[in-house]
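Here's the structure we're looking at; comments come further down.
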There are 2 protein chains.
Amino acid sequence: MTSAKTTRRTVLAGAAATAALGLTAGTANAGTRGPRIGILLYDGFSLLDPTGPAEVLSRLPGATVTMIAEHRGPVRTDTRQAAVLAERSVAEVDRLDVLLVPGAGNRGTVAAMRNPVLLDWIRRVDKHTTWTTSVCTGSLILGAAGLLRDRATTYWASADYLESTFGVRYVPERYVRAGKIITAAGVSAGIDLALYLASLLAGDDVARGIQLAVEYDPRPPFDAGNAATASPELKALALRLLAESQH
Amino acid sequence: MTSAKTTRRTVLAGAAATAALGLTAGTANAGTRGPRIGILLYDGFSLLDPTGPAEVLSRLPGATVTMIAEHRGPVRTDTRQAAVLAERSVAEVDRLDVLLVPGAGNRGTVAAMRNPVLLDWIRRVDKHTTWTTSVCTGSLILGAAGLLRDRATTYWASADYLESTFGVRYVPERYVRAGKIITAAGVSAGIDLALYLASLLAGDDVARGIQLAVEYDPRPPFDAGNAATASPELKALALRLLAESQH
């Protein structure tokens, strides 16, 4: 890369720039510029579950990242204090390269697991995806759609439920791949999943470039995010803070 | 905490549960249940900048987290592919305990830095905040509002601009506190900032509880998020991926 090219970066755009860089999206869809990524929103989702991965995946060359819900329009989070716009309804989308199903609080997760419109759509879209993925309790929704096999991860507090309900082994990793299904652990794990997906879709160099683009060099002020090493008291506090903030 | 109390957590709600836990929000506002947190949205913001902190801060006992913009309604991100709803206009909000200004791509940052309505509102609200904060290039907007002193951080690629424009020292940390102004580094650093803010507002135990609540035990598949150790080629790639995805 020459400095002249770097200077030009603000005027480079779209497919020409992608070609000039020698970057390819790495999907099986030759007809599109890059991967078609769809993120399913539903009432009561947790805000970071879809937005962390969307931030990362939207930097893939030529990618489209579309927020999708049963109906177009604002979809409220578990706190009811924020809403993200669904740009398309499920009826408008039948082909995706990547599907991502975020997690939610109890109310949202249970409602989605019982919603035949969402489950039917997930099954239909999954037939043609390259990767079908979830964050947090989104894996329970994939399970309800009949898509989990062998092993998966989920929110730490939902591990027993995952194993007993869907007969899969809970693996306490940030993301777990089983065939073309990739599940991520709770909430913030969607960012790690998305970087892994970026590497699968466009190669390690692009994934590293995206990691730097979002300055993802995590330095949490505490070391309290791992349930395997958390005290019972801290786990109880975490669940109580969640329950009190979800409505 | 007894197991009986843990079992009751799903029926405990709001102020009673907060009192039962002995948790206090730690703000100076005795009239409210918890901190009033406002996040400023503006056209072209980067999706994770406000949503990462909102996810964390919304778990603070009694907190309200409000998305605010010049006008109510959907506000589009830098990619133009997603939108978050502004629940309130700036004209409707004049008191906050915490203000957070997210970052954006070039277009959004420059427009916000030149928008007198936003800058006047930031200055007015800052008079009464406990903490005035930013993520990524949001610190440049705080600078344009005249609020930066001494030292700050920002997106790695904006460090020279920050120093030369506002006469403050760039500190390459995840978040930097200078008086009541706390600035965070790029995009994902807002999550680390928010946990730090949680500890300031409600104590270290609650911050740790929130970290576990969002399972923030980061394990990125690569180690490429730190600009200080990145190659010139990786930096150029990161900026190019950003420029190509922003419209």
Side-chain angles (χ1 to χ4, degrees), chain A residues 1 6 9-10 13 17 21 47-48 51-52 54-55 58-59 61 64-65 67 74 79 81-85 156 174 185-189 192 195-196 199 207-222 224-227 230 233-234 236-245, chain B residues 1 6 9-10 13 17 47-48 51-52 54-55 58-59 61 64-65 67 74 79 81-85 155-156 174 185-189 192 195-196 199 207-222 224-227 230 233-234 236-245:
Chain A
M1 287 172 193
T6 304
R9 75 182 162 75
T10 51
L21 281 165
L47 184 58
L48 183 55
T51 56
E55 176 68 52
S58 69
R59 310 308 174 189
T64 56
V65 178
M67 300 291 182
T79 67
Q81 295 182 359
V84 175
L85 216 64
W156 59 267
R174 294 298 276 174
V187 193
S188 61
D192 295 333
L195 285 171
Y196 175 61
S199 74
R208 288 191 183 94
I210 294 175
Q211 185 175 358
L212 183 58
V214 301
E215 206 161 346
Y216 185 45
D217 180 39
R219 297 274 186 271
F222 306 99
N226 189 326
E233 290 74 19
L234 188 66
L237 175 60
L239 294 179
R240 202 167 300 194
L241 290 168
L242 271 184
E244 286 168 27
S245 61
Chain B
M1 287 174 191
T6 305
R9 74 180 164 76
T10 51
L47 184 58
L48 184 53
T51 57
E55 176 68 51
S58 69
R59 309 308 173 189
T64 55
V65 178
M67 300 291 182
T79 67
Q81 294 182 0
V84 175
L85 216 64
Y155 189 56
W156 59 267
R174 294 299 277 174
V187 194
S188 61
D192 295 333
L195 285 170
Y196 175 60
S199 73
R208 287 190 183 95
I210 294 175
Q211 186 176 358
L212 183 58
V214 301
E215 205 162 347
Y216 185 45
D217 181 40
R219 297 274 186 273
F222 305 99
N226 189 326
E233 291 73 19
L234 189 66
L237 175 60
L239 294 178
R240 203 168 299 193
L241 289 167
L242 271 184
E244 286 170 26
S245 60

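Order of the sequence lines fixes the chain letters, A, B, ..., with proteins taken first and strands second; residue numbering starts at 1 for each chain.
- For A:Thr51 (side chain) and B:Leu47 (main-chain N/O), no donor-acceptor pair under 3.5 Å exists by modelled atom type.
- A donor-acceptor pair under 3.5 Å is formed between the side chain of B:Tyr155 and the backbone N or O of A:Ala213.
- Contacts between B:Ala230 and chain A at a heavy-atom distance below 4.5 Å involve the side chain alone, from C-beta outward.
- In terms of modelled atom types and a separation under 3.5 Å, the side chain of B:Gln211 and the main chain of A:Pro220 share no donor-acceptor contact.
- The parts of A:Ala185 that come within reach of chain B are both its backbone and its side chain, each placing non-hydrogen atoms under 4.5 angstrom from that chain.
- Ranked by heavy-atom pairs under 4.5 Å with chain B, the list A:Val84, A:Ile210, A:Leu234 is led by A:Leu234.
- Heavy-atom distances place both the backbone and the side chain of A:Pro218 under 4.5 Å from chain B.
- Between A:Phe222 and B:Ala207 the shortest heavy-atom distance is CE1-CB, 3.5 Å.
- Looking only at distances, a side-chain donor or acceptor of B:Asp192 sits under 3.5 Å from a matching main-chain atom of A:Arg219.
- Across all non-hydrogen atoms, the minimal contact from B:Leu212 to A:Asn226 is CD1-C, 3.9 Å.
- A:Gly209 and B:Leu237 make their closest contact through CA-CD2, 4.2 Å (heavy atoms, listed as atom of the first residue, atom of the second, distance).
- The CD atom of A:Glu244 lies 11.5 Å from the CZ atom of B:Arg59; values are rounded to the nearest 0.5 Å.
- Annotation: the span from B:Trp156 atom CH2 to A:Asp217 atom CG amounts to 12.5 Å, rounded to 0.5 Å.
- Looking only at heavy-atom pairs under 4.5 Å with chain A, the residue among B:Thr79, B:Val65, B:Leu195 that has the most is B:Val65.
- Only the side chain of B:Arg174 has a heavy atom closer than 4.5 Å to any heavy atom of chain A.
- The closest donor-acceptor contact from the side chain of A:Glu215 to the backbone of B:Ala189 lies at 3.5 Å or more, if one exists at all.
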